[in-house]
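I have placed the structure first, in the form of structure tokens, so that the comments after it can refer back to it.
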Amino acid sequence: MTAFTVALVLVVAAAGLLRWRRPAWYWLAFGVTLAALRVLIRYRSVMDACGLTVPPPRWRLALARATNQPIPEPRPPRIRRLRPTRTGLVLRLKLRPGQDVFDIAAASDRLRHSFSMFGVTSREVRSGVVEVRMTGYDVLKRVQMPAESETRAMRVPVALREDGSVHYRDYRAIPHALTLGATESGKSVYQRNLVAGLAPLDVALVGIDCKQGVELFPLARRFSALADSPDTAAELLNALVVRMADVYRLIRTQQRITVDVPDAEIAADIWDLPDELRPTPVVVLVDEVAELALYATKEEEKRRDRIITALVRLAQLGRAAGIYLEICGQRFGSELGKGITMLRAQLTGRTAHRLNDETSANMAFGDIAPDAVLAAIQIPAELRGLAIAGDASGGWHRIRAPHTSLRQAVNRCNRYADRTPDLPELAPFRPTIGTATELVPSAKASPATA
């Protein structure tokens, strides 16, 4: 008996230590089993207390009265599947007649307390079927990306969601995106993860970094073009507009519209073209969009109008030509001048790190998910990297990118430097790499070697 007691104490102590120091290990070793039993045992009573039950059908009530049987109890949603994951549980429910997915979403906080879980979110899988994802610990406190993730063309994992799933940046589904964040909010780390994820893909990276290149130029070996000033950025964006027009002419010549060609084989964008003819897709990263929109003189105002006009054109027409925009900034508001709200309307994806003002949060989410505005301005300063991600569908999630140092991002870009394509239209903007510390971008310089 003494040996059993000692062993039990050691197991409890080990579980407590794991829960404190390594919550992911604790969850896999102990938490997942305890949580599954807790959910199954409490399920009916919790659903009844949360108002997620429906009365039995009339025929069962009539049958019970006719046979002097007890009145049937209210029925909760039927459990179709309970699946454990590395961060929590996934509960798939079949709703009863009269129930709605919004009933489950409204009761998420009560379900979290009742099942003693860290977080509960829900989504509709199809009509009448709801998936409830429950996390057993704070997965965003110490982000650990899965060793394997779903890979697809122009789709990269960049962060972890609060429900434990991976947040992807899918350019085929969401061509253009806006990323906002105050100083020291983690926006640069998010951007590094994005570049590191794109580095192994067959894609051309184009950067505009008006902070004299301190953010993007260390990654220059993987960039096909870089600009470090508004003047160079204006010329670079014009070159991209010219490339876009050339790609559209190529698509037009390859459409092959005849009565014998099925609809599915008619080319309407670069992804409908044969592999040998398909132009290289281009991802344009703008590090600080406000620097492109500010001006102090008449000449700078004319330059600013050219830049914003080019960005709006690329946002409106660039998707089919394989040109995708990543607009980043600390501040994004209508006071940046005409064309800014028009540009925002084309940026489907929205990501907001900690913001210092509600106006920027409204610019990010006010037109797609008003309830995400409050969440964006309530991110604490000590949680760098925590962000709110949403899109035009109105849904939003809390995400956090894993910490990636600049050294790690540089190493990854250098590793895949051989994948950097040479685009003739952008050759004057190819960064000149002299020594390990010298990167000289210039629109007037001769085409450089990488």
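By convention here, the first residue in the shown sequence is residue 1. All values below come from the heavy atoms of this structure, side chains included, with hydrogens, waters and symmetry mates left out.
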Quiz item: For Ile399 and Tyr190, what are the C-alpha separation, side-chain angles and deciding distance, and is it a side chain to side chain contact (heavy atoms under 4.5 Å, CB included)?
Solution: CA-CA 10 Å; Ile399 65 169; Tyr190 177 86; 4.2 Å; yes
Quiz item: Taking Glu326 as the fixed residue, which of His176, Arg169, Gln191 is the one that meets the side chain to side chain donor-acceptor pair (under 3.5 Å) rule?
Solution: Arg169
Quiz item: Where is the tightest heavy-atom contact between His353 and Gly385, given as atom of each residue plus distance?
Solution: CD2-O, 3.8 Å
Quiz item: Just by modelled atom types, is the Asn414 backbone N or O under 3.5 Å from a matching donor or acceptor in the Arg221 side chain?
Solution: no
Practice problem: Kindly say whether Pro175 contributes a backbone atom to a donor-acceptor pair with the side chain of Arg319 at under 3.5 angstrom? | Solution: no
Would you list the atom pairs, donor with acceptor, under 3.5 Å between side chains in residues 124-135 and any protein atom, with sequence neighbours excluded?
unit_1	atom_1	unit_2	atom_2	d
Glu131	OE1	Arg123	NE	3.2
Glu131	OE1	Arg123	NH2	3.3
Glu131	OE2	Arg92	NH2	2.9
Thr135	OG1	Gly119	N	3.2
Thr135	OG1	Gly119	O	3.4

Practice problem: Please answer whether the main-chain N or O of Ala182 pairs with a side-chain N or O of Asn356 as donor and acceptor at a distance below 3.5 Å. | Solution: no
Quiz prompt | For the student: nearest non-hydrogen atoms of Val206 and Leu240, plus distance | solution = CG1-CD1, 4.3 Å
Quiz item: With a 4.5 Å limit on heavy-atom distance, are the side chains of Val286 and Leu325 in contact?
Solution: no
Quiz item: Under a 4.5 Å cut-off applied to non-hydrogen side-chain atoms, are Ile388 and Ile379 in contact?
Solution: yes
Exercise. Work out which heavy atom in Ile251 is nearest to a heavy atom in Ala320; give both atom names and the distance.
Key: CD1-O, 3.7 Å
Self-check item: Residues Asp275, Arg278; criterion salt bridge (Lys or Arg N to Asp or Glu O under 4.0 Å); working and verdict
Solution: CA-CA 5 Å; Asp275 292 343; Arg278 182 180 301 136; 3.0 Å; yes
Quiz item: Taking Trp27 for the side chain and Thr85 for the main chain, is one N or O donor matched with an acceptor at less than 3.5 Å?
Solution: yes
Quiz item: How would you list all residue pairs meeting side-chain hydrogen bond (donor to acceptor under 3.5 Å, both in side chains) that involve residues 300-318, not counting sequence neighbours?
Solution: Asp231-Arg303
Quiz item: Does a side-chain heavy-atom distance below 4.5 Å link Arg331 with Thr359?
Solution: yes
Self-check item: Heavy-atom check, side chain of Leu273 versus side chain of Pro279, under 4.5 Å
Solution: yes
Self-check item: Contact check, side chains of Lys187 and Leu180, non-hydrogen atoms, under 4.5 Å
Solution: no
Quiz item: Hey, does Val410 have a side-chain heavy atom less than 4.5 Å from the side chain of Leu219?
Solution: yes
Quiz item: Are more than 12 heavy atoms from other residues, nucleotides or ligands located less than 6.0 Å from atom OH of Tyr295?
Solution: no
Quiz item: Mind checking whether Val195 and Phe223 have side chains closer than 4.5 Å, heavy atoms only?
Solution: yes
Self-check item: Arg112/Asp109 salt bridge by N-O under 4.0 Å criterion
Solution: yes
Exercise. May I ask you to establish whether Arg412 and Tyr416 are in a cation-pi arrangement, using a distance under 6.0 Å from NZ or CZ to the six-membered ring centre and at most 45° from the ring axis?
Key: no
Quiz prompt | Leu226/Asp209 under side chain to side chain contact (heavy atoms under 4.5 Å, CB included): CA gap, chis, key distance, verdict | solution = CA-CA 8 Å; Leu226 282 169; Asp209 182 3; 5.9 Å; no
Quiz item: Is there side-chain contact between Leu93 and Ile79, with heavy atoms separated by less than 4.5 Å?
Solution: yes
Quiz prompt | Minimum heavy-atom distance between Met154 and Pro281, given as atom pair plus value | solution = SD-CG, 4.0 Å
Exercise. Please report the closest heavy-atom contact between Cys210 and Glu291, naming both atoms and the distance.
Key: CB-CB, 3.8 Å
Quiz prompt | Asn411-Arg407 side chain donor-acceptor pair, cut-off 3.5 Å | solution = yes
Quiz item: Which atom pair, heavy atoms only, marks the closest approach of Glu184 to Arg354?
Solution: O-NH2, 3.5 Å
Quiz prompt | Audit row: His403, Val189, side chain to side chain contact (heavy atoms under 4.5 Å, CB included) steps and yes/no | solution = CA-CA 6 Å; His403 179 71; Val189 174; 4.2 Å; yes
Quiz item: Counting only N and O atoms by type, is there a donor-acceptor contact under 3.5 Å from the side chain of Thr232 to the main-chain atoms of Asp228?
Solution: no
Self-check item: Leu285 and Val283: CA distance, side-chain angles, deciding distance, side chain to side chain contact (heavy atoms under 4.5 Å, CB included) verdict
Solution: CA-CA 6 Å; Leu285 294 102; Val283 176; 4.1 Å; yes
